[in-house]
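All ligand and atom numbering here is 1-based and tracks the order in the structure.
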Amino acid sequence: MGDKPVEKRVAALRQGIQEHDYRYYVLDAPEIPDAVYDRLLRELAELEARFPELVTPDSPTQRVGGRPLAAFRPVRHQAPLLSLANAFTETELWEFDRRVRERTGRIITYIVEPKIDGLTVVLQYADGFLARGATRGDGLTGEDITDNLKTIRTIPLKLIEGPGRLVVRGEAFLPKQAFAGLNQEREEKGEPVFANPRNAAAGSLRQLDPRVAAARPLRAYFYSVLDLAAGNVPTQAEALALMEKWGLPVNPERRYCPGIEAVIVYCREWAERRHSLPFEIDGLVVKVNELDLYPLLGVTAKSPRYAIAYKFPAEQAVTRVQAISVRIGRTGVLTPTAELDPVRLAGTTVTRAALHNADYVKEKDIRIGDWVIAQKAGDIIPEVVAVLPERRTGRERPFEMPDHCPECGARLIHLPGEVAIRCPATFCPAQGKEGLIHFAMRDAMDIEGLGPAVVSLLWDAGLVRNPADLYDLEAAQVAGLARMGAKSAENLIAAIEKSKTRGLAALLFALGIRHVGQAAAKLLAKRFGSMARLMVAPPAELQAVPEIGPKMAAAMVNYFAVPANRELIDRLATAGVEMTEMRGPGERTMVLAGKTVVLTGTLAAMDRRQARDLLESLGAKVTGRVTKNTDLLIAGTAPGSNLAKARELKVIVLSEADFLGLAGGGDKEVDQG
Ligand code: IVH
């Protein structure tokens, strides 16, 4: 034994798969796409089926998975959490059905559910309360990630009229959009990107600090009742309905199929539909509906016989790298991008792929002219996953990051400890344009019609240099530009006008303050209620918000410390951009504790005496003249010389509306009664 080619191949596959298992399950850092891994495992299983004498007890086909890390408390599962055998073709689904019918001698109905590409989790409820949440780990022992799971808002902390004791299994995941946003943020921060949503979900849930999980919009769907205190559930369809009734999130996409024919029809429907879901699925799970047949069907070493995973064909394509260009992001980070020969991928024609950073290009040794495997990560951003070195001709050229910014010519910098290479120029047009594109994005100020092309047009015409300039635009100026008719100019101005009422959370996110993503912006807006309050908040107060860490707090303080940023906010406020957010009742606090405030001009809503009382009730010390010790100036109509003095000393100036917002008595709350 040991010399025949087939023995050698089996040994090599076994070792390779074990290594990939370790990287995937333990390190959360797989090196190869799942489709390639599946092929390796399949080849091994097929060889072992043909040569049973080659099966060893430690073969990856004989066990359930990898090992958990030691960092979290281990949780021993009541019964091993198995995974599923795969079917890659319709023929394999027919065979699965035949096996099930032969073993049971019964007519079989099925439930088909989407197979979400996330992280398996198990929840234990005791007396109706969530007692523990764990990962799958190696199938026998997982990790206690209760605190992280509790950050997923859809997971009930208490069941609705549910059974006392309940154990359920499901999948935690990051929706596609959140995944794309997270990776973009990581790229801008110079951190390594996640290869797919599964890794991103795993990376978020296996963090010792639950704030990381909380800041990411994780979700979960549950699909199996593993243990139920009382009563029995006859079918999978009812198990799903019951879990739903008890308040657990259950994927609404599922189908009852009276036979395998219906299963196959349903599977075909999903070939295209899968791309329209807000989360990534890599197949469908076909389950026998009759739960009483499960013991009869039994399990193999690795997977139960009552279900099978129907895997979609891999969304990968082979193409050639024509060129590698670099793009400068909003924070000045350079990202190399592969310009590809056009290729069809997951329903669209792809011509560019993300290469993330210079280290990624070097690590994968991607050269200009190379044939590569391109893939859509999380179905949104195509990326280059591997090179095909056997197709090299010798004419391929290695890629070199430029030394100088291709947009503004500034010398690029490489900060210690960062993967990213940045353009440090504050006035780099590429950064300015990206900043405007970000400002106008749907989740930010939502300015319809202000995409990359229009931003470039406005910029190149010298009409805008920062977001405040947008609010000074006039339709006539815009209509004069190439490719902009009178109608589209008017629409653009209307969209800009409309964006003024987006509110504080959207504005905070739109400003593109480092580390402040959409989730953090919402929390900050809710907690502080107004821009004015945020601008004066010391780091400790910012960090008092549970999800805000020291890095983000520092980024906020630094942002507001830059005079140009304060001026930008001032101009936005003057233009009428809303700077407040509705706040919950009872949240009015001593928001101005320790601040020195000056009032100038006339207020519409109250006289000076009332204003003074209100300020003092918020903890402020009210003085008459702006000096270098003044923190805030509140300017009504017809302000006196105090305003000019405040501008000179760069003291924060608030309008009456801002002041009311700060006091928690802004329009919105008044409207609510
Ligand atoms: S049933 C005994 N249903 O796919 C196996 N699995 O190997 C029970 N998955 O590890 C699994 N969606 O993490 C099942 N609706 C679904 C699923 C699902 C995703 C994952 C699960 C499992 C893997 C299959």
Novice: Kindly assign one of parallel, tilted or perpendicular to the pair Tyr306 and Tyr294, based on the angle between their ring planes and the thresholds 30° and 60°.
Specialist: parallel
Novice: Hey, does the side chain of Asn148 reach the backbone of Gln207 with a donor-acceptor pair shorter than 3.5 angstrom?
Specialist: yes
Novice: Taking the side chain from Arg305 and the backbone from Leu297, do they hold a donor-acceptor pair closer than 3.5 Å?
Specialist: yes
Novice: Going by the order shown, which atoms of ligand 1 are within less than 4.0 Å of some heavy atom of Ile116?
Specialist: 12 (N), 19 (C)
Novice: Counting only heavy atoms, tell me which of Tyr294, Tyr223, Tyr221 gets closest to atom 21 (C) of ligand 1.
Specialist: Tyr223
Novice: Test your reading of the structure: does Thr120 have an N or O sitting under 3.5 Å from an N or O of ligand 1?
Specialist: yes
Novice: Indicate whether any N or O donor in one side chain lies under 3.5 Å from an N or O acceptor in the other, for Glu113 and Gln236.
Specialist: yes
Novice: Between Ser224 and Leu226 (side chain of the first, backbone of the second, donor and acceptor by atom type, cut-off under 3.5 Å), is there such a pair?
Specialist: no
Novice: In ligand 1, which numbered atoms sit nearer than 4.0 Å to a non-hydrogen atom of Leu82?
Specialist: 2 (C), 5 (C)
Novice: Would you indicate which of Glu171, Arg136, Gln236, Arg169 comes nearest to atom 22 (C) of ligand 1 when only heavy atoms are counted?
Specialist: Arg169
Novice: Under a 3.5 Å distance rule, please check whether Asn183 uses its side chain to pair with a backbone N or O of Phe194 as donor and acceptor.
Specialist: yes
Novice: Which residue supplies the protein heavy atom nearest to atom 3 (N) of ligand 1, what is that atom called, and how far is it?
Specialist: Lys287 NZ, 2.9 Å
Novice: Any N or O on Tyr306 sitting closer than 3.5 Å to an N or O of ligand 1?
Specialist: no
Novice: Run the numbers for me: atoms of ligand 1, each under 4.0 Å from some heavy atom of Pro304, listed by number.
Specialist: 2 (C)
Novice: Quick check on contacts: which atoms of ligand 1 are under 4.0 angstrom from a heavy atom of Glu113?
Specialist: 3 (N), 15 (N), 16 (C)
Novice: Go through ligand 1 atom by atom and flag the ones less than 4.0 Å from a non-hydrogen atom of Pro114.
Specialist: 12 (N), 15 (N)
Novice: Establish, yes or no, whether the cationic atom of Arg273 lies under 6.0 Å from the six-membered ring centre of Trp270 and within 45° of the ring axis.
Specialist: yes
Novice: Would you check if there is a donor-acceptor pair between the side chains of Thr154 and Arg219 at a distance under 3.5 Å?
Specialist: no
Novice: Compute the shortest N/O to N/O distance between Leu84 and ligand 1 and return yes if it is under 3.5 Å, no if not.
Specialist: yes
Novice: For ligand 1, which atoms have a heavy atom of Ser83 less than 4.0 angstrom away?
Specialist: 7 (O)
